[in-house]
There are 2 protein chains.
Amino acid sequence: MAPVGRPRSDASHAAILKATYELLQEEGLARLTLDKVARRAGASRSTLYRWWPSRGAIAMEATLDTINREMSLEPQGDNALAEYRRLLKSVARAMRGGTGAIIAGILAECQRDPETLRLYKEKLVGPRRAEIMPLLQRGLADGSIRADVSPQTILDMTFGAIYHQLLLHIPTEDAWMDGVIDILVNGIAAKPSR
Amino acid sequence: MAPVGRPRSDASHAAILKATYELLQEEGLARLTLDKVARRAGASRSTLYRWWPSRGAIAMEATLDTINREMSLEPQGDNALAEYRRLLKSVARAMRGGTGAIIAGILAECQRDPETLRLYKEKLVGPRRAEIMPLLQRGLADGSIRADVSPQTILDMTFGAIYHQLLLHIPTEDAWMDGVIDILVNGIAAKPSR
DNA sequence: ATATTACGGTACAACATGCCTCGTATTCTA
DNA sequence: TAGAATACGAGGCATGTTGTACCGTAATAT
């Protein structure tokens, strides 16, 4: 059941994603136009419209690999909270670079195009949450994390904090991240003396 | 030292802001064009360009009053944490309505226009933080909040969480907000038995 | 009266989008 | 080997938005 007709050009596909990623780094998603992508990739605008539904979709595909690579999670066997702390710092570090600007641009695009939002949740948020969740589950199971908190809410708070800084163009310094983690772990309430 | 020449028309100014706010509610900032604003306000585009540097600036001015009204903070004399909880819930509630969509749009606009970002920080984030800060300071002073946490970071985490939901178009339910506050106050670490 | 400034209206170039058509290239099937 | 099917690059075109400029007119101070 081989497909009939001229097959999709892998060369074109790759050239378009490469051109997109370069332009994202140089100018950001806000100033990315399909025309510039097509010209740099040596492709035609028709081809872009043929395969991608929106500017956001191209940007997403062009960035996914890099994002997943930069925010990798390599378990090192110590307790869950220590590992989560390492993860958050690695994310914060990645967000200080060009990737942060790209993500901010994607989040902005999500506000004007529902399809981009859907893709963002499906291709980026979902998989990354699924990847991190076992870590928090481990913490819940071994008693290092309170059993009555929702791991989803933990993610909402920590990533929410990081992304909010990102949108306000405030660098997520390591010291700031430490403060966030301290509050996350210990809370802000003054403890009664033990 | 009275100004010479025809004075700026207050009627036009007001009509433009009114038209902007209406259009924001109807279509969102993404689909707001200066032309539509001008036509509905019975003004001319020249007048808009004369007084505002950008679309974001008009949207900001048109929304500021509403935003400040909806997220009002009325002290009720109980302890600082309880009051902060009430404030966050009132914010979460406001964000579920049309105001949330407008803010999301402004945050998106901030990613494509640095001037809008500057205005957002100066006119919205700054004043609101300054308004809330005394509340947290009171908590620090009376010992209900740990003395070694930064009130800024508390705001970063809580508002970051809310705004992140906002950008992902996930309604900030009261129950979710309760979970966030619980983590904020008590932390996620399992406490040693007292 | 005159200078000064704001107003609404209009025109303009520049650019981006989305859709369409064309001639050509590459592959499978008969 | 011919033909059908599909993808390709190139480019045209209507539409809409932006930013700037210019006009004649309106309102105010000196």
Side-chain angles (χ1 to χ4, degrees), chain A residues 1-20 23-24 26-61 105-106 108-116, chain B residues 1-20 23-24 26-62 105-106 108-116 119:
Chain A
M1 202 65 105
V4 89
R6 178 177 179 171
R8 178 171 183 179
S9 160
D10 287 343
S12 231
H13 186 113
I16 288 170
L17 291 183
K18 181 166 178 291
T20 302
L23 285 167
L24 281 177
E26 292 167 19
E27 307 183 299
L29 178 52
R31 270 173 263 297
L32 185 78
T33 71
L34 297 187
D35 196 69
K36 282 191 266 190
V37 172
R39 272 206 302 273
R40 180 173 297 206
S44 93
R45 274 195 319 126
S46 333
T47 304
L48 273 71
Y49 281 111
R50 188 168 6 249
W51 297 110
W52 288 276
S54 68
R55 191 173 53 159
I58 300 185
M60 199 86 65
E61 188 171 341
I106 291 181
E109 187 72 15
C110 288
Q111 306 311 307
R112 70 169 46 224
D113 175 22
E115 178 64 12
T116 299
Chain B
M1 200 64 102
V4 92
R6 178 178 179 172
R8 176 172 185 178
S9 160
D10 286 342
S12 231
H13 186 109
I16 287 170
L17 292 184
K18 179 164 178 293
T20 303
L23 285 168
L24 280 178
E26 292 168 18
E27 308 184 296
L29 178 51
R31 271 173 262 297
L32 185 79
T33 70
L34 298 188
D35 195 68
K36 283 191 267 191
V37 172
R39 272 206 304 271
R40 179 172 299 206
S44 92
R45 275 195 318 126
S46 332
T47 305
L48 273 71
Y49 281 109
R50 189 171 3 253
W51 296 111
W52 288 277
S54 66
R55 191 173 54 158
I58 300 185
M60 199 88 65
E61 188 171 338
I106 292 181
E109 187 72 16
C110 287
Q111 306 312 307
R112 68 169 48 225
D113 176 23
E115 178 63 13
T116 300
L119 280 174

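It should be emphasised that the depicted structure is a prediction, and the values quoted were computed from it without experimental measurement. Per chain, numbering begins at 1; letters A, B, ... match sequence-line order.
Atom CG of B:D35 and atom C1' of C:dT10 are 12 Å apart (whole Å). Atom NE2 of B:H13 and atom C1' of C:dC7 are 15 Å apart (whole Å). We find that CZ of B:R31 is positioned 20 Å from P of C:dA16, with the value rounded to whole Å. We find that CG of B:L29 is positioned 14 Å from P of D:dT17, with the value rounded to whole Å. In this structure, CZ of B:R50 is placed 12 Å from C1' of D:dA21, rounded to the nearest angstrom. The distance from atom CZ of A:R8 to atom P of D:dA7 is 9 Å, rounded to the nearest whole Å. A:L48 places its CG atom 15 Å from the C1' atom of C:dC19, with the value rounded to the nearest Å. Rounded to an integer number of Å, the gap from CG of A:D113 to C1' of C:dG18 is 14 Å.
For B:V4, counting side-chain heavy atoms from C-beta on, the closest listed nucleotide (C:dT27, C:dT4, C:dT17) is C:dT4. When the nucleotides C:dA6, D:dA27, D:dT18 are ranked by their closest atom to the side chain of B:P7, D:dA27 comes out on top.
Taking the side chain as every heavy atom from C-beta outward, A:R55 and A:V37 never approach each other to under 4.5 Å. When side chains are defined from C-beta on, A:W51 does not count as touching A:H13, because their heavy atoms never get closer than 4.5 Å.
Backbone-only contact: B:A43 has heavy atoms under 4.0 Å from sugar-phosphate atoms and none from a base.
The side chain of A:R45 places no N or O atom within less than 4.0 Å of a non-bridging phosphate oxygen (OP1 or OP2) of C:dT17. OP1 or OP2 of C:dG8 has at least one side-chain nitrogen or oxygen of B:T47 nearer than 4.0 Å. Distances shorter than 4.0 Å separate none of the side-chain N or O atoms of B:S46 from OP1 or OP2 on C:dC7. Put simply, B:W51 has a side-chain N or O that comes within less than 4.0 Å of OP1 or OP2 on C:dC7. Here A:R6 does not reach the OP1 or OP2 of D:dA5: none of its side-chain N or O atoms lies under 4.0 Å away.
Residue A:L48 holds its CG atom at 11.0 Å from OG of A:S54, rounded to the nearest 0.5 Å. In this structure, CD1 on B:I58 lies 10.5 Å from CG on B:L29, to the nearest 0.5 angstrom.
Nearer the 5' end of DNA chain C, as judged by each residue's closest nucleotide, is the contact made by B:G5, out of B:G5 and B:S12.
Salt bridge A:K36/A:E26: absent, no basic N to carboxylate O contact under 4.0 Å.
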